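Encoded as structure tokens, the structure appears first; notes follow it.
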Amino acid sequence: MKNRIKELRARDSLTQLDLAKAVNVRRETIVFLEKGKYNPSLQLAFDIAKLFKLTIEEVFLMED
Amino acid sequence: MKTKRALLIVVGLTLAFSAGIVAYSQMAVIPTKMLIIYCLILISALASIFIAIKKVKEEKEGQPLEDELSSRIKHKAGYLAYVASLYMWLFIFLFRGFFPDVETMVGGGVLLSGLIGYICKFIVKKQFNEESN
């Protein structure tokens with residue numbers, strides 16, 4: 001699963017630490033998410049999408 | 001605050017332990033087997049200090065000490081460490097002649113279990129990828 005977290009973070013001028021604090025996870029989790037090495041829980045996906053004022057589908061993209 | 005206190009305790013214990021070894025070594029020559037066990041204790045203490053310092057730093061930054069990814073890593077590493085420890089105990093009993101007494105054997109086994117735990121956590125963290133989800 002791909003995601004646009006890095007791009008959206010840059011858009012909103014947020015650091016990995018800022019985003020991690022905002023969604024109450026560790027910075028390491030954001031690093032793994034951005035690298036596509038970790039699929040978040042539904043709750044975390046919702047929180048991230050909500051933070052960027054987007055839907056989950058707009059942040060997380062399912063690969064064929 | 002809790003982490004800071006834990007850090008101070010670990011640092012204090014390590015220093016006391018190191019001082020004990022130095023004092024003891026002045027009195028008598030430490031057997032190699034005991035030296036290996038002392039080194040294991042020291043490595044475990046140093047690893048604890050390193051982890052505690054990291055946790056204090058992260059706590060100061062306002063990060064949670066545990067989240068969904070870290071607990072997933074912990075569970076996977078815990079399972080691996082458990083299986084590895086079973087084999088370790090088997091080997092310890094096979095080579096029990098290496099240990100001077102039962103207390104040393106059990107103590108060494110407990111220490112090795114701790115080290116296996118750290119190593120497994122490190123490996124799982126490094127290898128965590130899409131397949132492990």
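Residue numbers begin at 1 in each chain, while the letters A, B, ... track the order of the sequences. Since the structure is predicted, the reported quantities are computational estimates derived from the model, not experimental observations.
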* Can you run down the side-chain hydrogen bond (donor to acceptor under 3.5 Å, both in side chains) pairs that involve residues 107-119 of chain B, sequence neighbours left out, and say none if there aren't any? => B:S48-B:Y118

Are [X] and [Y] grouped together when hydrophobic residues (ILVMFWY) are joined by side-chain heavy atoms under 4.5 angstrom apart?
X: A:V23; Y: A:V31; answer: no
X: B:Y82; Y: B:W89; answer: no
X: B:L112; Y: B:L86; answer: no
X: B:M88; Y: B:V83; answer: no
X: B:I92; Y: B:I116; answer: yes

* **Euclidean distance, A:Y38 OH relative to B:I73 CD1, rounded to 0.5 Å** => 9.0 Å

* Measuring heavy-atom distances to chain A, does B:E58 have an atom under 4.5 Å in its side chain, in its backbone, in both, or in neither? -> side chain

* Full working for salt bridge (Lys or Arg N to Asp or Glu O under 4.0 Å) between B:K125 and A:E28 -> CA-CA 10 Å; B:K125 231 177 194 179; A:E28 196 179 39; 3.2 Å; yes

* Anything in residues 40-57 of chain A with a heavy-atom distance to chain B below 4.5 Å? Please list those residues in order. => A:P40, A:S41, A:L44

* Asked: Using non-hydrogen atoms and a limit below 4.5 Å, what part of residues 13-22 of chain A faces chain B?
  -> A:L17, A:K21

* Using the test side chain to side chain donor-acceptor pair (under 3.5 Å), find all partners of B:D67 that sit at least two apart in sequence or belong to another chain. => A:T29, B:S70

* **B:R96 atom CZ, neighbour heavy-atom count above 12 within 6.0 Å** => no

* B:F91 atom CZ, neighbour heavy-atom count above 12 within 6.0 Å -> no

* **Side chain A:R26, main chain B:L65, donor-acceptor under 3.5 Å** => yes

